[in-house]
Amino acid sequence: RTRGCGGSGLWRDGKLYTSINFRQTRSLANGPIRVMFELMYEPWDAGGTMVRETRRVTLDAGHHLNRFELSFTPAPAAGTSLAFGIKNNKGSTPRVDRDAGVLRAWEPLQQEGFLGCAVIAAVGTSIDAPTDVPSMPIPGLPGEEGEGGEGADAEQDALYDEAVRIVTEIRKASISG
């Protein structure tokens with residue numbers, strides 16, 4: 001089962017458990033600078049524990065990445081990890097930086113243009129990735145060098161890496177400062 005770009009689930013004993021569809025919504029802010037809302041899911045089985053998920057989505061004007069915060073009630077059982085998806089289609093460049101807590105992909109769209117998807121874990125959270133996702137540092141993160149593609153694609157790919165790096169650094173500063 002795939003979770004696509006930024007989709008989530010719970011990983012336990014080598015199996016992915018996921019919610020189905022949200023059943024309730026709650027608007028917390030309605031622009032023009034920020035839109036924030038919550039999605040509440042019916043209880044679902046996460047490997048023997050019924051959990052209820054609430055997903056808070058924040059979209060800020062002028063920002064290129066949105067923020068998703070997930071909470072589960074009750075807390076998932078010990079040995080359960082939060083799982084996120086990033087797309088790894090033909091032509092995409094997925095990257096993992098375990099130290100920075102970042103999974104990201106940059107891919108061409110079918111018609112024209114590109115789509116970037118990044119999962120930036122909370123500061124201090126460790127991440128891992130399946131072995132079929134290349135583990136390479138994201139260029140621009142302190143002390144790291146990565147690989148790029150060719151031509152204009154490589155330039156846009158590098159710009160996306162820089163955007164992810166900036167958001168990661170801002171998050172670190174806002175949490176620790």
Side-chain angles (χ1 to χ4, degrees), residues 1-89 92 94 96-98 100-107 109 113-130 133 138 160 162-177:
R1 208 181 331 182
T2 180
R3 298 307 291 159
C5 183
S8 62
L10 295 173
W11 186 262
R12 181 175 171 85
D13 298 326
K15 185 173 179 190
L16 179 64
Y17 297 93
T18 61
S19 58
I20 300 175
N21 291 320
F22 64 90
R23 294 291 183 201
Q24 295 178 315
T25 64
R26 183 169 67 145
S27 178
L28 303 171
N30 194 17
I33 303 298
R34 170 175 281 177
V35 172
M36 182 186 300
F37 57 92
E38 288 181 337
L39 306 173
M40 284 76 74
Y41 294 79
E42 291 293 321
W44 48 279
D45 179 26
T49 302
M50 295 300 289
V51 296
R52 181 180 300 271
E53 176 183 353
T54 299
R55 182 178 306 217
R56 180 176 286 185
V57 180
T58 305
L59 305 112
D60 288 323
H63 291 253
H64 298 289
L65 297 174
N66 304 317
R67 183 178 182 119
F68 290 73
E69 299 172 62
L70 282 64
S71 60
F72 298 93
T73 308
T80 303
S81 299
L82 187 55
F84 288 97
I86 59 169
K87 293 180 76 176
N88 191 6
N89 293 335
S92 70
V96 179
D97 187 325
R98 287 172 174 81
V102 176
L103 303 172
R104 63 67 110 194
W106 180 254
E107 69 175 289
L109 298 174
F114 293 85
L115 173 68
C117 176
V119 175
I120 303 171
V123 173
T125 303
S126 64
I127 64 162
D128 201 359
V133 176
I138 295 177
Y160 186 63
E162 179 66 7
V164 171
R165 182 194 69 75
I166 290 168
V167 170
T168 303
E169 291 301 314
I170 289 170
R171 261 237 189 111
K172 285 180 185 175
S174 67
I175 292 174
S176 62

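In this chain, numbering begins with 1 at the start of the sequence shown.
With rounding to the nearest 0.5 angstrom, the CG atom of N21 is 8.0 Å from the OH atom of Y41. The CD1 atom of I166 lies 11.5 Å from the NE2 atom of H63; values are rounded to the nearest 0.5 Å. Taken from CZ in R165 to CG in D97, the straight-line distance is 12.0 Å, to the nearest 0.5 Å. Taking CD1 from I120 and CZ from R67, the interatomic distance works out to 9.5 Å, rounded to the nearest 0.5 Å. Rounded to the nearest 0.5 Å, atoms OG (S92) and CZ (R104) are 9.0 Å apart. E53 CD to I20 CD1: the interatomic distance, rounded to the nearest 0.5 Å, is 11.5 Å.
Between Y17 and D45, the shortest heavy-atom distance links the atoms CD2-O, 3.6 Å. A pairwise comparison of heavy atoms in R55 and S8 identifies NH2-OG, 2.7 Å as the closest pair. The minimum heavy-atom distance between T25 and M40, with the atom names listed, is C-CE, 3.9 Å. The shortest heavy-atom contact between A61 and P32 is CB-O, 4.0 Å.
By the 4.5 Å heavy-atom criterion applied to side chains, L28 and F37 are not counted as neighbours. Looking at V51 and W44, their side chains come closer than 4.5 Å, going by heavy atoms from C-beta outward.
Pairs of residues two or more places apart, or lying in two chains, that qualify as salt bridge (Lys or Arg N to Asp or Glu O under 4.0 Å) and include a residue from residues 27-39 are R26-E38, R34-D60, E38-R56.
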Side chains of residues 71-83: which donor-acceptor partners sit under 3.5 Å, not counting sequence neighbours?
unit_1 : atom_1 : unit_2 : atom_2 : d
T80    : OG1    : R12    : NH1    : 3.3
T80    : OG1    : A77    : O      : 2.9

